[in-house]
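Proteins get letters first, then strands, A, B, ... in listed order; numbering begins at 1 in each.
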Amino acid sequence: MDTTIRDLNRRIGETVTIKGWLYNRTDKGKLVFMQVRDGTGICQAVVFKRDVDEATFDAALHLPQESSLIVTGEVRADPRAPGVPGGYEIGVRSMQIVQRAEDYPITPKEHGVEFLMDNRHLWIRSTKQWALLRVRATVMRAIRSWLDNNGYVEMSTPILTPSAAEGTTNLFEVGYFDDKAYLAQTGQLYNEANIFAFGKVYCFGPTFRAEKSKTRRHLTEFWMVEPEIAWCDLDQLLEIEEQMVSHIVQTVLAENQNELKVLGRDPAKLTHIAPPFPRITYDDAIAAIKQVQAQTEDPEQKQLLDITWGMDFGAPHETALTQLYDKPLFVTGFPSAVKAFYMEPYPGRPEVCKSADLLAPEGYGEIIGGSERISDPDLLLRRIHDQGLPEEAYKWYIELRKFGSVPHSGFGLGVERTVTWICGTEHVREAIPFPRTIYRLYP
RNA sequence: UCCUCGAUAGCUCAAUGGCAGAGCAACCGGCUGUUAACCGGUAGGUUACUGGUUCGAGUCCAGUUCGAGGAGCCA
């Protein structure tokens, strides 16, 4: 019966068979130490010359990295054994080589970014990438389980969308028979229709943005979950967000200790992630950034932190703000002028809107953007006109406010940025199996 | 789009304008506990491309291509 490496701790003393790939190998005289991975972990398989026939020992001695193989032997606990989780090894009695790999390009040594990205189809086998993508899978599962268990109905929103509502600079254009279509950069507008049928909904899928961004936090294709809730104001929305994000983090802590260890991520940075998250208004955030700026010695950093009321935050501002807290931080009440047309203004203070960004700690930046939506059809129409948007394209969207309009709110959470933060990783490109960036469409 | 930096062996990188080098990987040999092992040996080059300066260019100059970091952009 086949066993997985993850289950070896329950098979000590038994003879098992592992099907996998040779991750690394070293030898010492009459011993060959093979690191075998099977997708669930890495385990050391020790080939001792006296325990196997000569052909098997000779084959093990010369087996190249990433060859596929089937090994059979007795499981034993040994604190010297490396691997994931480590501490267990197999004393090999027999081995079948399924395919000898030749000249596998990625070695356990250091490599550059371009080389690794060119070899992304192979790089995902490396332990750090393996760990990141397993955490990503946990994050996606935790998102779905939290929403499903809290009464949200998953809705599929379209990826092909009609004529661009507000310029095409950030949209990928595709041919649509004799017409043009655009790849969706949000499912929100459709979800605002869905809530009137289902109350609480979410969509979860890839989104596309043709931004010419060249930073560690941008992809042109990324995954976003977008819940939308009827009868929900901004305060209630923030409570939903902090509960869901906390659930995601706690699920990873419960299920991915091995992966976090491989990544060198200190769990102590995550254990305290629980409601409530701190909240700060845009007004106070500007003041806080100015204070940090005043205390900054470095003239270049001082200039990057320059900000006046009315400006949107740049990456340096977000970083400075989040370093003041050890939990994700809500920033509420952004100027309406820098936010989307559909955001509800504050009563008596129309220059700011009921919007909230959630900024991850340690400078990982915005992981959620959300807001209360305008529910009054006349105000919505005025905002569409103010921003010079084509009314015709929004006909159906405005109509939602004519047939039983209610206060409602929603948000979008970026999966890759969330994974990057939880894993303590440098760049979002490693948080998705095959990243799409401005200069990368291969493999 | 802008700023900065880079491109040399399969990989990561050295080389004052003067013989093209090392480590790792590969290959051969040694070692019964390796953790990116260690030790000895072998093989491996259109120095991104185009042009220029020079007795002589990997090195200096100009242009091109590709990449990295940052900024901008990011309803």
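- Taking for each of A:His317 and A:Asn24 the nucleotide of RNA chain B with the nearest heavy atom, the 5'-most of the two is the partner of A:Asn24.
- In this structure, A:Ile42 atom CD1 and B:A36 atom P are separated by 11 Å, rounded to whole Å.
- Taking 4.0 angstrom as the limit, A:Lys28 places none of its side-chain polar atoms (N or O) nearer than this to OP1 or OP2 of B:U34.
- Atom name C1', nucleotides B:C60 and B:C55: the rounded distance is 16 Å, in whole Å.
- Using a 4.0 Å heavy-atom cutoff across all strands shown, A:Phe115 reaches sugar-phosphate atoms only and no base atom.
- In this structure, A:Arg80 does not reach the B:U32 phosphate: none of its side-chain N or O atoms is under 4.0 Å from OP1 or OP2.
- B:G18 and B:C61 have their P atoms separated by 15 Å, with the value rounded to a whole Å.
- For B:A20, there is no paired nucleotide, since no Watson-Crick or G-U wobble pair has both relevant distances below 3.5 Å.
- Across all strands shown, A:Tyr342 has heavy atoms under 4.0 Å from base atoms, whether or not it also approaches the sugar-phosphate.
- For the pair A:Lys212 NZ and B:A71 P, the computed distance is 19 Å after rounding to whole Å.
- Nucleotide B:C73 has no partner under the Watson-Crick or G-U criteria, as no pair reaches both atom distances under 3.5 Å.
- Side chain A:His111 to base B:C11: no donor-acceptor pair is found below 3.5 Å.
- Enclosure of atom CH2 in A:Trp231 is not indicated, since only 12 or fewer non-hydrogen atoms of other residues, nucleotides or ligands lie within 6.0 angstrom.
- Around the NZ atom of A:Lys302, the shell of radius 6.0 Å holds more than 12 heavy atoms that belong to other residues, nucleotides or ligands.
- Nearest-nucleotide positions on RNA chain B for A:Thr215 and A:Pro64 put A:Pro64 closer to the 5' end.
- Nucleic acid contact class of A:Glu110 (heavy atoms, under 4.0 Å, all strands): base.
- The 12-atom threshold is exceeded at CZ of A:Phe115, counting heavy atoms of other residues, nucleotides or ligands nearer than 6.0 Å.
- Donor-acceptor pairing under 3.5 Å, judged by distance alone, is present between the side chain of A:Lys109 and the base of B:A36.
- The CE atom of A:Met311 sits 13 Å away from the P atom of B:A71 (whole-angstrom rounding).
- Between B:U59 and B:A7, the distance separating the two C1' atoms is 14 Å to the nearest Å.
- Remark: aromatic rings of A:Phe434 and A:Tyr442 are distant, center separation not under 6.0 Å.
- Contacts of A:Gln188 with the nucleic acid, taken as non-hydrogen atoms under 4.0 Å apart, are absent.
- A:Asp58 has its CG atom 12 Å from the P atom of B:C27, to the nearest Å.
- Base engagement by A:Arg76 is indicated by at least one non-hydrogen atom pair under 4.0 Å involving a base atom.
- Within 4.0 Å (heavy atoms only), A:Glu89 reaches at least one base atom of the nucleic acid.
- Across all strands shown, B:C5 pairs with B:G67; the Watson-Crick or G-U wobble distances both stay below 3.5 Å.
- Across all strands shown, B:G51 forms a Watson-Crick or G-U wobble pair with B:C61, both key distances being under 3.5 Å.
- Taking atom CG of A:Leu219 as the reference point, atom P of B:C73 lies 19 Å away to the nearest angstrom.
- Across all strands shown, B:A26 forms a Watson-Crick or G-U wobble pair with B:U42, both key distances being under 3.5 Å.
- To the nearest whole angstrom, the two C1' atoms, one in B:U32 and one in B:U47, are 45 Å apart.
- Within 6.0 Å of CD in A:Gln303 there are 12 or fewer heavy atoms belonging to other residues, nucleotides or ligands.
- Between the side chain of A:Asp27 and the base of B:C31 there is at least one donor-acceptor pair of N/O atoms closer than 3.5 Å.
- Distances from the side chain of A:Pro316 to the nucleotides B:C74, B:U34, B:A71 place B:A71 closest.
- Using a 4.0 Å heavy-atom cutoff across all strands shown, A:Lys214 reaches at least one base atom of the nucleic acid.
- For A:Thr107 against B:C11, no side-chain N or O and base N or O form a donor-acceptor pair under 3.5 Å.
- Distance CZ (A:Phe33) to C1' (B:C31): 11 Å, rounded to an integer number of Å.
- Looking at heavy-atom distances under 4.0 Å, A:Gly112 makes contact with sugar-phosphate atoms alone, never a base.
- When the P atom is compared between B:A14 and B:U54, the two are found 30 Å apart, to the nearest whole Å.
- Aromatic ring centroids of A:Tyr325 and A:Phe277 lie 6.0 Å or more apart.
- As rounded to the nearest Å, B:G45 and B:G33 have C1' atoms that lie 39 Å from one another.
- If you take CD of A:Glu318 and P of B:A71, they are 10 Å apart, rounded to a whole angstrom.
- Between B:C31 and B:G44, the distance separating the two P atoms is 28 Å to the nearest Å.
- Summarising the geometry, the separation between CG on A:Leu22 and C1' on B:A25 is reported as 14 Å, rounded to the nearest angstrom.
- Checking B:U34, B:C66, B:C74 against the side-chain heavy atoms of A:Arg209 singles out B:C74 as nearest.
- Comparing B:U4 with B:A15, their C1' atoms sit 24 Å apart, to the nearest whole Å.
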(message) The test is salt bridge (charged side-chain N to carboxylate O under 4.0 Å, His left out); show your working for A:Arg136 and A:Glu416 and say whether it passes.
(response) CA-CA 8 Å; A:Arg136 176 192 170 92; A:Glu416 290 77 18; 2.7 Å; yes
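- Heavy atoms of A:Arg429 sit under 4.0 angstrom from primed sugar atoms or phosphate atoms, though from no base atom.
- No more than 12 heavy atoms of other residues, nucleotides or ligands sit less than 6.0 Å from atom CZ of A:Arg10.
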